[in-house]
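Side chains included, hydrogens not; waters and symmetry mates left out as well; all remaining heavy atoms used. Values in this document were obtained by computation on a predicted structure and should not be read as measured data. Numbered from 1 within each chain, the chains take letters A, B, ... in sequence-line order.
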Number of protein chains: 2
Amino acid sequence: MAINRKEEFTDTDQELSMLAKAMSHPARIAILRVLAIRRTCICGEIVDVLPLAQATVSQHLKELLTAGLIKGAIDGKKSCYCINWDTLQAFNTTFNTLFGDLETAGGNQNCC
Amino acid sequence: MAINRKEEFTDTDQELSMLAKAMSHPARIAILRVLAIRRTCICGEIVDVLPLAQATVSQHLKELLTAGLIKGAIDGKKSCYCINWDTLQAFNTTFNTLFGDLETAGGNQNCC
DNA sequence: ATTATATATCGTAAATATACGATATATAAT
DNA sequence: ATTATATATCGTATATTTACGATATATAAT
């Protein structure tokens with residue numbers, strides 16, 4: 001059992017769920033937060049800020065990279081990460097498209 | 001190993017990651033989509049629409065319920081679900097707060 | 001009362017995620 | 001050349017998720 005059925009859903013829903021999954025751990029949210037606030041490349045200090053071992057942080061960074069939410073570059077001895085604003089904005093747009101404008105659509109009536 | 005370190009992050013980041021996690025499977029996105037488009041309670045038809053066994057769909061529904069993204073009510077023989085717009089809007093707001101307005105902040109310069 | 005139908009829950013197998021120590025790699029400093 | 005430092009990768013233990021068949025539960029229909 002536990003065969004993968006994810007591919008049987010639409011491309012859009014797979015894409016959205018992949019991005020959501022990338023943000024489904026507080027450590028990765030925390031990393032995004034640091035990068036977003038500084039708006040520049042961050043090298044190394046990420047490990048100091050998180051309550052996780054270096055290997056674990058590296059693993060989380062890799063997941064954010066794979067999802068396309070951050071970009072990375074090797075800069076001499078250190079590595080350097082920053083937010084991929086394009087992907088992030090795409091996520092935001094797709095999410096907003098999914099549910100429409102909750103306010104104006106007048107669909108706030110709850111039926112249960 | 002694999003001790004849970006999630007509680008060592010801020011409440012906000014835990015909350016955001018929980019909601020993201022709830023949306024981290026295309027089946028759950030698909031369910032939200034059906035409920036959001038119809039804007040009324042849906043009973044049963046969800047199972048017909050998804051490529052998953054009834055037990056699996058029920059499990060996904062429970063996860064969306066636990067996350068607070070949907071509400072459910074038992075209506076006779078059937079069960080009835082609808083979107084919890086309050087939670088959904090809260091997620092949207094928190095997400096937007098996290099990254100600010102990407103357009104106007106002028107932070108779109110990429111450094112790597 | 002019996003039967004049919006809808007949904008939830010239980011049990012469980014397989015897959016994936018989380019976490020970290022140990023180690024590899026690669027540059028910088030001496 | 002040697003040493004120190006930063007980061008990535010490997011191996012692995014444990015936890016969680018995904019998926020479904022079987023079964024329980026609860027109402028509706030006959």
(message) Please enumerate all residues that pass side chain to side chain donor-acceptor pair (under 3.5 Å) together with B/Glu63, with sequence neighbours excluded.
(response) B/Arg28

(message) I want to check one thing: is the phosphate of C/dA8, taken as OP1 and OP2, less than 4.0 Å away from some side-chain N or O of B/Tyr81?
(response) yes

(message) Output the rounded distance in Å from CD (B/Glu8) to P (C/dT18).
(response) 15 Å

(message) Taking only side-chain N and O atoms of A/Ser79, does any of them lie within less than 4.0 angstrom of OP1 or OP2 on D/dA6?
(response) no

(request) For DNA chain D, find the residues of residues 21-28 of chain A with a heavy-atom distance under 4.0 Å and give them by number; none if there aren't any. (result) none

(message) Between C1' on D/dA8 and NZ on A/Lys78, what's the gap in Å once rounded to a whole number?
(response) 16 Å

(request) Take the protein atom CD1 of B/Ile3 and the nucleotide atom C1' of C/dC20, then report the distance between them rounded to whole Å. (result) 9 Å

(message) From CD1 of A/Ile29 over to P of C/dT18, roughly how many Å is that when rounded to an integer?
(response) 12 Å

(request) Could you tell me which residues satisfy ring-ring contact (aromatic ring centres under 6.0 Å, His included) with A/Phe9, sequence neighbours excluded, listed by chain and number? (result) none

(request) Using the test side chain to side chain donor-acceptor pair (under 3.5 Å), find all partners of A/Ser17 that sit at least two apart in sequence or belong to another chain. (result) none

(request) Write down the distance between CD1 (B/Ile46) and C1' (C/dA8), rounded to a whole number of angstrom. (result) 14 Å

(message) Going by side-chain contact (heavy atoms from CB on, under 4.5 Å), name the residues that satisfy it together with A/Leu32, two or more places apart in sequence or in a different chain.
(response) A/Met23, A/Leu64, A/Leu69, A/Ile70, A/Ile83, B/Phe99

(request) Tell me, please, which residues at least two apart from B/Thr10 pass side-chain contact (heavy atoms from CB on, under 4.5 Å). (result) B/Thr12, B/Asp13

(request) Could you check how far CG of B/Asp48 sits from C1' of C/dA6, rounded to whole Å? (result) 11 Å

(message) Restricting to side chain to side chain donor-acceptor pair (under 3.5 Å), what partner residues turn up for A/Glu45, sequence neighbours left out?
(response) A/Arg38

(message) What is the distance, to the nearest angstrom, from the CE atom on A/Met18 to the P atom on C/dA17?
(response) 11 Å

(message) Taking the axis from the first five pairs and the axis from the last five, what angle separates them in the helix from C/dA1-D/dT30 to C/dT30-D/dA1, rounded to 10 degrees?
(response) 20°

(message) With the threshold set at under 4.0 Å for non-hydrogen atoms, list the residues of residues 52-69 of chain B touching DNA chain D in residue-number order.
(response) B/Leu52, B/Ala53, B/Ala55, B/Thr56, B/Gln59, B/His60, B/Glu63

(request) On DNA chain D, check which nucleotide each of A/Arg5 and B/Asn4 is closest to and give me the residue with the more 5' one. (result) B/Asn4

Review item, side-chain donor-acceptor pairs of residues 46-55 of chain A, under 3.5 Å, at least two apart:
none

(message) Taking B/Ala20's backbone N and O only, do any of them form a donor-acceptor pair with A/Ser24's side chain (distance below 3.5 Å, no angle check)?
(response) no

(request) Quick one: list whatever passes side-chain contact (heavy atoms from CB on, under 4.5 Å) with B/Thr97, sequence neighbours left out. (result) B/Thr93

(message) Whether the side chain of B/Asn84 engages the backbone of B/Lys71 through a donor-acceptor N/O pair (distance < 3.5 Å, no angle test) should be reported.
(response) no

(message) Go nucleotide by nucleotide along DNA chain C from the 5' end; which of A/Pro51 and B/Glu45 gets its closest nucleotide reached first?
(response) B/Glu45

(request) Please identify each residue that fulfils salt bridge (Lys or Arg N to Asp or Glu O under 4.0 Å) with A/Glu15, with sequence neighbours left out. (result) none

